[in-house]
Protein chains: 2
Amino acid sequence: MSKQGLKVIGQTTDAGCCPSLSAAPLDEDRAADLAKLFKALGDPVRLRLMSMIASRGDGGEVCVCELTPAFDLSQPTISHHLKLLRQAGLIDCERRGTWVYYWALPQALDRLAAFLTSARPAGAEA
Amino acid sequence: MSKQGLKVIGQTTDAGCCPSLSAAPLDEDRAADLAKLFKALGDPVRLRLMSMIASRGDGGEVCVCELTPAFDLSQPTISHHLKLLRQAGLIDCERRGTWVYYWALPQALDRLAAFLTSARPAGAEA
DNA sequence: GGCTTGTATTGACGTTCGTTGATCCAACCT
DNA sequence: AGGTTGGATCAACGAACGTCAATACAAGCC
């Protein structure tokens, strides 16, 4: 957000094809918010990590020592991806003794699922 | 996929915390496939575009001339994002006369929603 | 034909991302 | 205290991404 003037949106732009479109169904703020969640899951490694963590029931936890050897990646890389998932609000962690345990935050997944179903057209079953 | 030997995963690694983890609930291939979809939606502009397109009922279409002026971005940028959404299999388009119309492919959204609900822990409501 | 409008493509730029080796910190164990 | 192990952080690299101006293509209109 820096180098472009923005003031050209006020027109109707109905040159012949557009019967005056309604407002966008997803405002910029919500889009930016949801996009962060989608982006966090937009990497195969993070998606597998999320799947491994979330598939452990509600109060289920996964030790990092179980996650790291499941990938052909270095330990810092896995740690980095876990950090991104945590910053996105998809998981949280706690250190217990020597090991660190991660668990899923289901409300983040719920927000994504809610958007996907709401974005679905209503004509599919009506 | 190029510069690392991978042959160190065969161990049990149960040093004291891991009661022999089960297999990952999402294999690499499916993870890579789904990650492409998530990644395509991991940009606020593309997410808004997808929302604007998908909110048009089942057979609904949106003209590009309606999408472009809704953003403070250049026309090539919008065209580029639409191309990425199309390559991800989320939308498709057709040229009709002078204008190009886009519509959503609901099955892609369904796959994402199915994954999100399947990845959700079963203890939330049981 | 030429002109105009809508859309896609190209080439380039700065930024962000994914990965790694090296290093650091925390906790356990003698 | 020293040594070892699990995990996070740092610094750096190449690759991919988002954006734009310029250009090319497609279709209608004069």
Protein-nucleotide distance (L85(B), atom CG; dC17(D), atom P), rounded to Å: 13 Å
Could you measure the distance from the CG atom of L47(B) to the CD atom of E28(A)? Nearest 0.5 Å is fine. 12.0 Å
Provide, to the nearest angstrom, the distance between the CZ atom belonging to F71(A) and the C1' atom belonging to dT19(C). 14 Å
Select one nucleotide: of dT19(D), dT19(C), dA27(D), the one nearest the side-chain heavy atoms of T98(B). dA27(D)
Specify the separation, in whole Å, of atom OH of Y101(A) and atom P of dG6(D). 12 Å
Can we say R111(B) and D33(B) salt-bridge, meaning some charged N sits less than 4.0 Å from an Asp/Glu carboxylate O? yes
Within residues 33-44 of chain A, those residues having any heavy atom closer than 4.0 Å to DNA chain C are K39(A), D43(A)
Other residues, nucleotides and ligands only: do more than 12 of their heavy atoms fall within 6.0 Å of CZ on R30(B)? no
How long is the line joining CH2 of W99(B) and C1' of dT7(C), in whole Å? 12 Å
Spacing between I91(A) atom CD1 and dA8(D) atom C1', to the nearest angstrom: 14 Å
Pick out the pairs of N or O atoms, protein on one side and nucleotides 8-11 of chain C on the other, that lie under 3.5 Å.
{"from": "dA8(C)", "atom 1": "OP1", "to": "Y102(B)", "atom 2": "OH", "distance (Å)": "2.7"}
{"from": "dA8(C)", "atom 1": "OP2", "to": "S79(B)", "atom 2": "OG", "distance (Å)": "2.9"}
{"from": "dA8(C)", "atom 1": "O5'", "to": "S79(B)", "atom 2": "OG", "distance (Å)": "3.4"}
{"from": "dA8(C)", "atom 1": "N7", "to": "Q75(B)", "atom 2": "NE2", "distance (Å)": "2.8"}
{"from": "dA8(C)", "atom 1": "N6", "to": "Q75(B)", "atom 2": "OE1", "distance (Å)": "3.3"}

From CD of E66(B) over to C1' of dG6(C), roughly how many Å is that when rounded to an integer? 13 Å
Send over the distance from L73(A) CG to dG21(C) P, rounded to a whole Å. 11 Å
Return the value, rounded to whole Å, for the distance between atom CD of E94(B) and atom P of dA26(D). 16 Å
Nearest-nucleotide comparison on DNA chain C, the residue closer to the 5′ end among H81(A) and G97(A): H81(A)
I want to verify a distance call: between dG18(D), dG18(C), dG6(D), whose nearest atom is closest to the L84(B) side chain? dG18(D)
